[in-house]
Structure formats: structure tokens, C-alpha cells
Amino acid sequence: METNSYIEPVYLISAVAEILNIHPQTLRQYEREGLIKPSRTNGKIRLYSQKDIDHIKYVLTLTRELGVNLAGVVLILQLNQKIEILENDIHIYKTKIKSINNLSVVPDTKALVVQNTSFEMVIIEKNN
């Protein structure tokens with residue numbers, strides 16, 4: 001779980017730009033593109049949290065080191081969101097299966113299932 005200090009918006013755009021060694025206009029462009037969503041004060045001043053900064057670092061890694069354009073970054077972020085949702089769904093279903101298995105009448109340690117099967121193989125040779 002995220003702590004309040006991690007998600008608390010406290011950094012001004014100039015501080016974030018200096019921390020990340022980028023121009024403030026880059027941050028504004030990322031916001032216009034929908035890549036980041038900084039908080040705003042009543043006076044409309046942008047404030048960034050440490051979580052926002054980590055997110056911007058991820059975007060910068062994609063663009064600078066991997067050469068992904070901004071449209072590609074948008075797609076990657078959307079796919080990451082979908083993966084997160086699906087992983088959450090998997091966790092929910094695993095929990096449900098576990099609770100259903102705990103409701104079984106005969107404990108798994110006491111049940112013995114024996115299945116006898118036999119297989120026969122027939123080989124047919126074709127004579128010309």
C-alpha cells in the first residue's frame with residue numbers, strides 16, 4: 001500500500017523539471033498528451049507527488065532509452081493498466097477458488113480416488 005508521503009503532491013513543476021533534468025515544457029506537453037495528471041492548487045499551480053515523479057521517470061525511460069514515441073507510450077500505459085486489472089481479477093478468482101475448495105465435504109487428505117484405465121494399441125500393416 002502506498003504511504004501518504006509517496007502520493008502527497010508537494011513538488012512544483014520547476015522542482016520536478018530540475019530533479020529530472022528536463023524542461024518544464026516537457027512536463028506540460030506530457031500533461032497535454034494525457035501521460036501525467038499532476039494535482040492542482042486552487043490557484044491552478046501544478047503539484048507533483050513522488051509517485052508522479054516515478055511515473056515521469058518511466059515515461060522518460062520509454063522515450064529516451066527505448067525510443068518509443070508519445071503515442072506508443074500512451075498505448076504501453078493503457079496496456080499496463082489492463083494488465084493490472086487482469087492481475088487483480090486473477091487474485092480475486094484464486095481467492096474464490098480457495099474458499100470453494102475449503103468448503104468441500106471430504107478433506108483432500110482423506111479422499112482417495114483410484115482410476116483404472118487400460119489402453120490397447122493396434123498396429124495395422126498395409127500390404128501392397
Side-chain angles (χ1 to χ4, degrees):
M1 186 169 180
E2 298 166 342
T3 61
N4 284 342
S5 61
Y6 183 66
I7 59 174
E8 183 73 28
V10 293
Y11 299 99
L12 294 171
I13 191 169
S14 57
V16 175
E18 187 175 330
I19 290 168
L20 298 176
N21 196 26
I22 58 176
H23 197 278
Q25 282 293 50
T26 304
L27 293 169
R28 292 182 185 101
Q29 180 183 1
Y30 285 179
E31 184 179 3
R32 279 192 304 273
E33 296 286 336
L35 299 174
I36 58 174
K37 294 180 182 105
S39 299
R40 296 218 181 223
T41 65
N42 291 339
K44 303 295 182 194
I45 296 173
R46 292 174 181 89
L47 289 178
Y48 298 85
S49 66
Q50 185 60 50
K51 182 178 179 180
D52 294 328
I53 292 172
D54 290 345
H55 181 73
I56 297 164
K57 285 179 183 178
Y58 179 63
V59 171
L60 289 171
T61 299
L62 291 172
T63 56
R64 289 180 175 173
E65 295 177 23
L66 300 176
V68 179
N69 63 21
L70 294 183
V73 172
V74 169
L75 288 174
I76 290 169
L77 294 176
Q78 289 171 349
L79 290 172
N80 283 345
Q81 253 183 339
K82 287 181 182 180
I83 289 170
E84 190 175 317
I85 291 167
L86 291 172
E87 286 175 340
N88 187 43
D89 289 347
I90 289 170
H91 176 72
I92 289 168
Y93 290 128
K94 282 183 176 181
T95 303
K96 285 181 181 181
I97 289 170
K98 193 174 187 177
S99 68
I100 289 170
N101 287 337
N102 289 337
L103 296 176
S104 64
V105 176
V106 179
D108 292 339
T109 57
K110 301 293 181 189
L112 176 63
V113 177
V114 177
Q115 183 177 1
N116 291 326
T117 59
S118 64
F119 296 98
E120 293 182 20
M121 185 183 307
V122 178
I123 300 174
I124 301 174
E125 291 183 20
K126 187 175 181 181
N127 294 330
N128 288 341

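What you see is a predicted model, and the numbers here were worked out from it, not measured in a lab. Positions are given from 1 along the sequence.
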Same cluster (ILVMFWY, side-chain, under 4.5 Å), Ile19 and Tyr30: yes
Please tell me whether Ile7 and Ile53 are part of a single hydrophobic cluster in this structure, the criterion being side-chain heavy atoms less than 4.5 Å apart. no
Please list, chain by chain and in numerical order, all residues satisfying side-chain contact (heavy atoms from CB on, under 4.5 Å) with Gln78, sequence neighbours excluded. Val74, Leu75
Restricting to salt bridge (charged side-chain N to carboxylate O under 4.0 Å, His left out), what partner residues turn up for Arg28, sequence neighbours left out? none
Test item: Ile90 and Lys94 side chains (from C-beta on) under 4.5 Å apart, heavy atoms: yes
In the single-linkage hydrophobic clustering (I, L, V, M, F, W, Y; side-chain heavy atoms under 4.5 Å), do Leu77 and Leu20 co-cluster? yes
Sorted by chain and number, sequence neighbours left out, side-chain contact (heavy atoms from CB on, under 4.5 Å) with His23 holds for Gln25, Thr26
Between Val68 and Ile76, is any pair of side-chain heavy atoms under 4.5 Å apart? yes
First locate atom NZ of Lys51, then atom OG of Ser5, and finally report the distance between them rounded to the nearest 0.5 Å. 13.0 Å
Taking atom types as modelled, is there a side-chain donor on Tyr11 or Asp52 under 3.5 Å from an acceptor on the other? no
Non-neighbouring partners of Glu18 that pass salt bridge (charged side-chain N to carboxylate O under 4.0 Å, His left out), sequence neighbours left out: none
With a sphere of 6.0 Å drawn around CG of Asn21, does it hold more than 12 non-hydrogen atoms of other residues, nucleotides or ligands? no
Over all heavy atoms of both residues, which pair between Ala17 and Leu27 is shortest? Give the atoms and the distance, please. N-CD1, 3.9 Å
Contact list for residues 71-91, test salt bridge (Lys or Arg N to Asp or Glu O under 4.0 Å), sequence neighbours left out: none
Check: residues 57-64 side-chain donor-acceptor pairs under 3.5 Å, at least two apart:
| unit_1 | atom_1 | unit_2 | atom_2 | d |
| --- | --- | --- | --- | --- |
| Tyr58 | OH | Asn80 | ND2 | 2.9 |
| Thr61 | OG1 | Lys57 | O | 2.9 |
| Thr63 | OG1 | Val59 | O | 3.1 |
| Thr63 | OG1 | Leu60 | O | 3.2 |

Can you list, pair by pair, the side-chain donor-acceptor contacts under 3.5 Å of residues 31-43, counting residues two or more places apart and other chains?
| unit_1 | atom_1 | unit_2 | atom_2 | d |
| --- | --- | --- | --- | --- |
| Glu31 | OE1 | Arg40 | NH2 | 3.3 |
| Glu31 | OE1 | Arg46 | NE | 2.4 |
| Glu31 | OE1 | Arg46 | NH2 | 3.3 |
| Glu31 | OE2 | Arg40 | NH2 | 2.9 |
| Arg40 | NH1 | Lys44 | O | 2.9 |
| Thr41 | OG1 | Gly43 | N | 3.3 |
| Thr41 | OG1 | Ile45 | N | 3.1 |

Side-chain cluster (under 4.5 Å, hydrophobic types only) that Ile92 belongs to, other residues: none
Answer yes or no: is there a side-chain heavy-atom contact under 4.5 Å between Tyr48 and Val10? no
If hydrophobic clusters are built from ILVMFWY residues whose side chains come within less than 4.5 Å, do Leu70 and Leu66 share one? yes
